[in-house]
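Worksheet for the structure shown next.
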Amino acid sequence: MLHIGGARTALYNWLLARGSGGEFVLRIEDTDRERSTPENVDLILDALRWLELDWDEGPHSQWERRENHQAAVTELLKSGAAYQDEGAVRFRVPDEGEITFTDAVLGEVTNPYSAIADFVIQRSDGSPLYNLAVAVDDRDMGITHVVRGQDHVSNTPRQLMLLRALGAEPPVYAHIPLLHGPDGKKLSKRHGAASVQEVREQGYLPEAIRNYIALLGWGYDESTTFMTTDELVERFALERVSKNPAVFDEQKLRWMNGRYMRELPVEDLHRRLEEFCGREIPIEIVEISREKMQTLADFMPLAGALLDAPADYEPKAWEQWGDSPYLQEVREALAAADNWEPNGIETVLRRIVDQEDVKPKEVFQPLRVALTGTTVSPGIFESVAALGREETLARLDKALQKAK
RNA sequence: GCCGCCAUCGUCUAGGGGACUAGGACGCCGCCCUCUCACGGCGGAAACCGGGGUUCGAAUCCCCGUGGCGGUACCA
């Protein structure tokens, strides 16, 4: 699982690296221990790939760089910066004074040494602990920037002390605000769309996600909302990242995703819908449905009945429109229509509306229910055109049969 | 408890002493468009946590309080 918060951290790292034009190493660092098992790392990498955040996969710290960690511990022990304590190795923290570091988003952060106890850097079984492992990795892998969640601020002094004791230059630290759930608590699974895997299954587009999460904790100016990834790369700056936690708002994501779907070239949207639904879809159906969808998952409920004849009519829909005095007339008019294009169909159907002198929906809704079994579908003329004459008439006959 | 971080509409944010009767966006409400649902257009309600300073002037700077969050592990 890659939480939205993690995805945002990854995005910020990526934007920064892209913007600097240099090489970078994205260090996946999260607060849940389970997440850094090899299987979960694969899941995370897969989610990042879907988000189109490209990177070169490096070594996995705590189970692939043991020698470096061990060597550092030995060095620290030798210099007296660390000592043995019942088999474990602890780092010695001064009793007095304070340690200050400059954070790219928070500014100066100062901690008194008195608040930091001598901490374990190596377990009695010889395995390294998080703070030691990342400090050594940052040094050895030439990490220049560490961009991570604010839940790591209080680890920073420890990592800094380690780096100093090892005689290494510390990287630039940037702690971005955490994400909270709608109730103001830290974001968790029960808050709904909390992971990239989930939003993917819910039919969101990667570019919409990128745009949305970039804006969670960062804003470019007073009115810009939509930005291409190139614009994001160009404009993103750590100094402008907000210091306060944000709440993931799925409604806004939905809206934004809808906008992205509408702006996609039809062919592109068509391809993604086929992939998402796992089936072939006539492109005309996509064309007539696009302005009514906010996610890829909205497609089947909206237009599925145009793909496969509905098994049955929705009871409420049938009750209201099923038995219509105009349906027979509609059937005859359509059977005789000589122009099976949306505009030709509209002409034919509007003629009935005029002749009968009724509201348009009195004619259109019964037709819609007869064809799709529901009261909601893409535009009726377009739907009839997309269905084809044969199928349209067959479905009308079925409805007329049932109405008898 | 102790240490740290944070605090603008319900939500995401703009704002870095006068441009603020605080701007934009989502959501919400109303109107328009309309064959359903949407899309789109127009309009509206909606915020500077509280109290002290500093200053001619504070949403913006300082202090205190309050609240939220994080940390305080042989977790990451």
Side-chain angles (χ1 to χ4, degrees), chain A residues 28-36 61-62 85-90 98 103 105-107 109-117 119-131 133-134 148-158 175 177-180 182 184-186 212-226 239-240 242-256 258-259 262 289-294 298 301-303 317 321 346 349-350 353 359-369 372 374-384:
Chain A
I28 297 171
E29 185 171 321
D30 220 314
T31 53
D32 277 9
R33 175 172 36 163
E34 320 87 85
R35 282 184 212 152
S36 69
S61 173
Q62 292 195 34
D85 177 26
E86 295 179 9
V89 179
R90 282 185 189 275
E98 53 187 35
D103 186 284
V105 348
L106 298 175
V109 179
T110 302
N111 286 75
Y113 282 127
S114 60
I116 309 172
F119 55 97
V120 175
I121 54 178
Q122 187 179 75
R123 296 184 183 88
S124 41
D125 69 0
S127 60
L129 269 91
Y130 165 78
N131 279 307
V134 296
R148 64 213 326 188
Q150 272 185 19
D151 47 346
H152 283 289
V153 284
S154 44
N155 283 324
T156 310
R158 290 174 239 270
H175 291 94
L178 262 17
L179 246 33
H180 288 177
K185 304 290 182 198
K186 193 180 173 184
Y212 178 72
I213 64 181
L215 258 19
L216 230 36
W218 174 77
Y220 176 59
D221 62 16
E222 59 181 48
S223 59
T224 307
T225 301
F226 289 92
E239 297 68 42
R240 286 187 59 83
S242 158
K243 294 178 186 169
N244 28 352
V247 174
F248 179 79
D249 180 5
E250 191 172 356
Q251 287 194 112
K252 188 162 184 174
L253 209 212
R254 281 189 71 84
W255 165 79
M256 194 172 252
R259 290 277 303 254
R262 266 168 263 130
S289 306
R290 61 188 328 208
E291 69 180 23
K292 299 175 190 300
M293 300 185 282
Q294 289 191 306
D298 288 344
L302 175 73
W321 303 106
E346 176 165 10
L349 293 177
R350 292 228 185 255
V353 171
K359 288 188 172 176
K361 67 159 71 164
E362 296 294 326
V363 174
F364 300 154
Q365 282 299 73
L367 173 57
R368 172 170 277 119
V369 172
T372 67
T374 76
T375 55
V376 177
S377 82
I380 193 67
F381 318 124
E382 292 80 2
S383 295
V384 169

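This structure is a prediction, so every number in the text was calculated from the model and none was measured.
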Please determine whether a side-chain nitrogen or oxygen atom of A:R254 lies at a distance below 4.0 Å from atom OP1 or OP2 of B:rC12.
no
Quick one: does A:S124 reach the base of B:rC74 with a side-chain donor-acceptor pair under 3.5 Å?
yes
Contact class for A:A88 vs. all strands (heavy atom < 4.0 Å): base, sugar-phosphate, or nothing?
base
Whole angstrom value for the distance that separates P of B:rG16 from CH2 of A:W218
18 Å
B:rA76 phosphate, OP1 or OP2, under 4.0 Å from A:R158 side-chain N/O
no
Using Watson-Crick or G-U wobble geometry with both distances under 3.5 Å, which nucleotide pairs with B:rC49?
B:rG65
With a non-hydrogen cut-off below 4.0 angstrom, is A:T110 in contact with a base, only sugar-phosphate, or nothing?
sugar-phosphate
Which whole number of Å gives the distance between the P atom of B:rU54 and that of B:rC3?
29 Å
Could you tell me how far apart A:M256 (CE) and B:rU11 (C1') are, to the nearest whole angstrom?
13 Å
Holding to salt bridge (Lys or Arg N to Asp or Glu O under 4.0 Å), I want the full list of residues that pass it with A:R90, two or more places apart in sequence or in another chain.
A:D85
Quick one: is B:rC6 close enough that its OP1 or OP2 comes under 4.0 Å of any side-chain N or O from A:K243?
yes
Using purine N1 to pyrimidine N3 plus N6-O4 or O6-N4 for Watson-Crick, or N1-O2 and O6-N3 for G-U wobble, both under 3.5 Å, which nucleotide pairs with B:rC26?
B:rG10
Taking A:Y220's backbone N and O only, do any of them form a donor-acceptor pair with A:R240's side chain (distance below 3.5 Å, no angle check)?
yes
P atom, B:rG40 versus B:rC26: distance in rounded Å?
9 Å
Can you tell me the pairing partner of B:rG70 across any strand shown, Watson-Crick or G-U wobble, with both distances under 3.5 angstrom?
B:rC3
Taking B:rU13, B:rC3, B:rA25 as options, the one with an atom nearest any side-chain atom of A:S242 is B:rU13
Over how many whole Å does the gap from A:L216 atom CG to B:rC12 atom C1' extend?
7 Å
Using a 4.0 Å heavy-atom cut-off, does A:F381 contact any base of the nucleic acid, only the sugar-phosphate backbone, or nothing at all?
base
Side-chain N or O of A:R350 less than 4.0 angstrom from OP1 or OP2 on B:rC35?
yes
Name of the residue among A:K243, A:H152, A:R148 meeting side-chain hydrogen bond (donor to acceptor under 3.5 Å, both in side chains) with A:H175
A:R148
Counting distance alone, no hydrogens or angles: does the base of B:rA76 have a donor or acceptor under 3.5 Å from a partner atom on the side chain of A:N155?
yes
A:D249 has its side chain closest, among B:rC69, B:rA14, B:rG10, to B:rG10
Classify every nucleotide of nucleotides 36-43 of chain B by which part a protein heavy atom approaches to under 4.0 Å, writing B for the base, S for the sugar-phosphate alone and - for neither, in 5'-to-3' order.
BBBSS---
What's the closest nucleotide to the side chain of A:E382 if the choices are B:rC6, B:rC35, B:rC69?
B:rC35
For residues A:D298 and A:K292, determine if any side-chain heavy atom of one lies less than 4.5 Å from a side-chain heavy atom of the other.
no
At what distance, to the nearest 0.5 angstrom, does CG of A:L215 lie from CZ of A:F226?
9.5 Å
Rounded distance (Å) that lies between atom P of B:rG71 and atom OH of A:Y130:
11 Å
Is the closest side-chain heavy-atom distance between A:S124 and A:E86 below 4.5 Å?
no
Using the P atom as the reference point in each nucleotide, state the distance between B:rG24 and B:rG41 in Å, no decimals.
15 Å
Both A:S154 and A:Y212 contact RNA chain B. Which one's nearest nucleotide lies toward the 5' end?
A:Y212
Show me the side-chain donor-acceptor pairs of residues 376-383 of chain A shorter than 3.5 Å, one per line, residues at least two apart or across chains.
| unit_1 | atom_1 | unit_2 | atom_2 | d |
| --- | --- | --- | --- | --- |
| A:S377 | OG | A:R368 | NE | 2.8 |
| A:S383 | OG | A:P378 | O | 3.2 |
| A:S383 | OG | A:G379 | O | 2.8 |

Mind calculating the distance between CG (A:D221) and C1' (B:rU13) to the nearest angstrom?
11 Å
The nucleotide from B:rC35, B:rA25, B:rA76 with an atom nearest the side chain of A:L129 is B:rA76
Scan A:E346 against the nucleic acid and name what it touches under 4.0 Å (heavy atoms): base, sugar-phosphate only, or nothing.
nothing
I'd like the C1' distance from B:rG23 over to B:rU36, given in whole Å.
37 Å
Would A:H152 pass as stacked on B:rG70, i.e. its ring centre under 5.5 Å from the base's six-membered ring centre and planes under 30° apart?
no
Distance check, C1' atoms only: B:rG70 and B:rC75, in whole angstrom units.
15 Å
Heavy atoms, side chains only, cut-off 4.5 Å: are A:I121 and A:R158 in contact?
no
Which of these nucleotides, B:rG4, B:rC6, B:rG15, is closest to any side-chain atom of A:P245?
B:rC6
Examine distances only and state if a side-chain atom of A:Y212 and a backbone atom of A:R254 form a donor-acceptor pair shorter than 3.5 Å.
no
Distance between the C1' atoms of B:rG51 and B:rA7, in whole angstroms?
15 Å
Does B:rU8 have OP1 or OP2 under 4.0 Å away from a side-chain N or O of A:N244?
yes
Residue A:V109, side-chain atoms from C-beta onward, closest of B:rA14, B:rG4, B:rG27
B:rG4
For a quick test of reading the model, state the closest non-hydrogen atom pair linking A:V363 to A:P366 and the distance between them.
O-CD, 3.4 Å
C1' spacing across the pair B:rG53 / B:rU72, given as an integer number of angstrom:
34 Å
In whole Å, what separates the P atom of B:rC2 from that of B:rC64?
15 Å
For B:rC39, give its Watson-Crick or G-U wobble partner with both distances under 3.5 Å, or none.
none
